[in-house]
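Just so it is clear, the model here is predicted, and its values are computed rather than measured.
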Amino acid sequence: MSAGVNEILPFAIGSTPNVDSQVVYAALPARQSGFQTGTAISAEMNKTWRQSAFMAAGLAQWLANQGVDVPDDTNLAGLTTNLTTWLRGAVIPSIAALRTRSKTGTSNCFVTGYYAANDGGGGEYFYDATDTTTADNNGSIIVGADGGRWKLVVGRYLTPEQFGAKGDGTTNDYTAIANAIAAITALVGQNTGDLTQRRRYLSLVFTRKNYKISTQVVVSAGVNIVCDGGMIQNLIASTTTFAMVFNAGSHCSSLNLNANGGCGVQFGQASTFMDSLIGDVYIAGAGTATSIIGCRFLGTRFTINSVVVEGGNIGIDFGNGASAVRVVSADSIKSVKAVSGMRFAGGTEHISLILGLIDSPSLVGLYIDGARSISGAVSVFGDDTSGVTPCTSGYAINFGATGAVSDLNLNLTVNNTAITDVATGTALLVANTSSSNINLNASRATLTTGNAHRIVGGVVYGSGNAETMTINIKATTGVTPIAGGTPIGNIAFGGKLQSTSEVRTAPAISGGTLTLDLRAANLFDVTLNSNITNLVINNPAPTGNAQGFTLVFTNDGTARAVTWPASIKWPNSIAPVFSITSGKKDTFVFLTTDGGANYGGFIAGQYQ
């Protein structure tokens, strides 16, 4: 672009001009009243002329630099025409008009809209004379018809509208959004292999509009998504394809997404270091058919403020059952009306959750399987106004269904999650769990949303649990603390040890061997119908824990002998003598504190 001609020149700019100083001129009375009849001092007049000439010359030179001629020919109409022509060239109504702009004109211009003025697109562009190769990206780089590269002056963020999105709830805005993401990634230039660059990003801001997408949006490195009142609509044909996937080096300050019966969002990639910042996420309308996920996390290291998901076969999924998510710090996670509210699986570990809320899950609320090191508070409850029959699996919470679970430190609350009021419904099924501390509040307290699904059971014990697990059960009136299975580990009721029934079994003597499994029961009722030459005691509590059991023999009317193992110590080393009257019972109690190396044997009753 060539400069224009400027003939408006400054006045009295020499090193020692005949001009009043600023202090003298400021105090000059003529500044208020003007020069009166008589002689005017030249220094005073020169000061006045220089100030006027200085400003006029500066403005004229700026216009000349923009290519506007400013001749001193007294042609005011011509100057006005030249200035108007320049202004019209510097303010452009659309990107289409920018493409036709000559690169030999002004080097800067302002585009008032993408398609038309004030549609949210556009911005300030400059001509980059040094670039002759960069491709047009339909937004931040526009290639003119004459090959000129016009580049958007980028501030703290970009918008989809600057790349052609309409946000009208009808147009498919996928291409515009994808182009904007690619442009930001290129601008930021983040090296995802350099961990110090992971939090270097530029925001893509969705304003108060409705953006529809028919293809999965992949948010790449250096991009931070911000929904400032805008809503993204999932129109992808496949209901099992996530509407958005956030890759390594990407972030999300806020997101509003309507899944429209499909999947919502996946944050992260399998086995990938993410270091992602997740602000406030709201996902509505996730479908409930098989394989539809509301929100999934994969990879390592997330810092989460708030996630709310409505729907989903799995509402919020930490890991995908095969791949894990690790090192997550989350303030608030909420699942509403999912089939399975929240799942931790696939080797997921090191999760810190301040508060998890699971509202009206139709199958199970919280599911932890093949995961470890999870801490926090989770509440599962049924909302009678939701129209959902909650927890048809029979359990609000399920631990260790197929894989080992360990190192849990959880405070759990369950209320109103039974299929049928006061007939079925248990708070927790626990299996294959070890080295964990679980506080369970199994409640039938009245909820403001109704209590037509009150539970009746606290905990059901499955198989594979270890003594290193501790469950503290606080059950309100009407809830049986231990509702089934064989309790194992440390158990407390409301923080206090309370009386409970013992588990009874009746093992048979086979070939002279009697086997007592202390995990299966703690009261053994045995018909003494043959001699016992081999008494086997399995699965005692580990050393440091006290465990007792009761053994009741019912005689069949024949004198029988029992060979006691050396680990059983009787008072004064004198073993008891059995009754020989048919139907009479002999009862013995045993106690060990060293893992079954030694048992103290005591006679509780005979010939009864």
Side-chain angles (χ1 to χ4, degrees), residues 1-93 97-98 101-113 117-118 121-131 140 142 144 148-159 162 187 202-203:
M1 180 186 70
S2 60
V5 175
N6 176 24
E7 296 180 353
I8 308 301
L9 304 178
F11 173 79
I13 60 172
S15 59
T16 57
N18 180 25
V19 175
D20 276 351
S21 69
Q22 186 66 23
V23 173
V24 172
Y25 186 64
L28 184 67
R31 289 182 51 250
Q32 303 296 325
S33 60
F35 293 105
Q36 305 299 313
T37 302
T39 301
I41 300 173
S42 61
E44 297 172 351
M45 296 298 296
N46 288 340
K47 179 70 171 181
T48 302
W49 292 332
R50 187 175 70 171
Q51 286 199 345
S52 300
F54 180 81
M55 286 303 299
L59 177 59
Q61 188 57 52
W62 182 83
L63 291 171
N65 291 342
Q66 310 308 314
V68 180
D69 289 337
V70 190
D72 185 13
D73 58 4
T74 70
N75 184 359
L76 183 59
L79 176 61
T80 302
T81 298
N82 289 343
L83 182 57
T84 301
T85 300
W86 180 85
L87 287 172
R88 286 175 177 172
V91 180
I92 301 173
L98 179 61
R101 181 173 179 78
S102 172
K103 62 185 179 183
T104 60
T106 55
S107 60
N108 291 75
C109 60
F110 188 84
V111 182
T112 59
N118 303 316
E124 183 181 356
Y125 283 79
F126 69 95
Y127 166 59
D128 186 354
T130 66
D131 185 358
S140 60
I142 301 298
R149 266 64 182 176
W150 295 92
K151 297 185 177 179
L152 180 65
V153 177
V154 178
R156 298 176 61 186
Y157 65 89
L158 292 175
T159 69
Q162 290 176 306
L187 284 167
L202 185 68
S203 295

To check you understand the geometry: which heavy-atom pair defines the closest contact between [X] and [Y], and what is its length?
X: Leu98; Y: Cys109; result: CD1-SG, 3.6 Å
X: Leu202; Y: Gly155; result: CD1-O, 3.7 Å
X: Phe126; Y: Val153; result: CD2-CG2, 3.9 Å

Test of understanding: with side chain to side chain contact (heavy atoms under 4.5 Å, CB included), list the residues that count as partners of [X], not counting sequence neighbours.
X: Ser21; result: Val23, Val24
X: Asp131; result: Asp128, Thr133, Thr134, Arg149, Lys151
X: Thr112; result: Val91, Pro93, Phe110, Ala117

*Going from OG on Ser140 to CH2 on Trp150, what distance comes out if it is rounded to the nearest 0.5 angstrom?*
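The OG atom of Ser140 sits 15.0 Å away from the CH2 atom of Trp150.
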*Mind checking the OH-OG1 spacing from Tyr127 to Thr104? Nearest 0.5 Å is all I need.*
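Interatomic distance, Tyr127 OH to Thr104 OG1, rounded to 0.5 Å: 9.0 Å.
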*Side chain Gln162, main chain Gly122, donor-acceptor under 3.5 Å*: yes
*Do the non-hydrogen side-chain atoms of Ile142 and Val111 ever get within less than 4.5 Å of each other?*
no
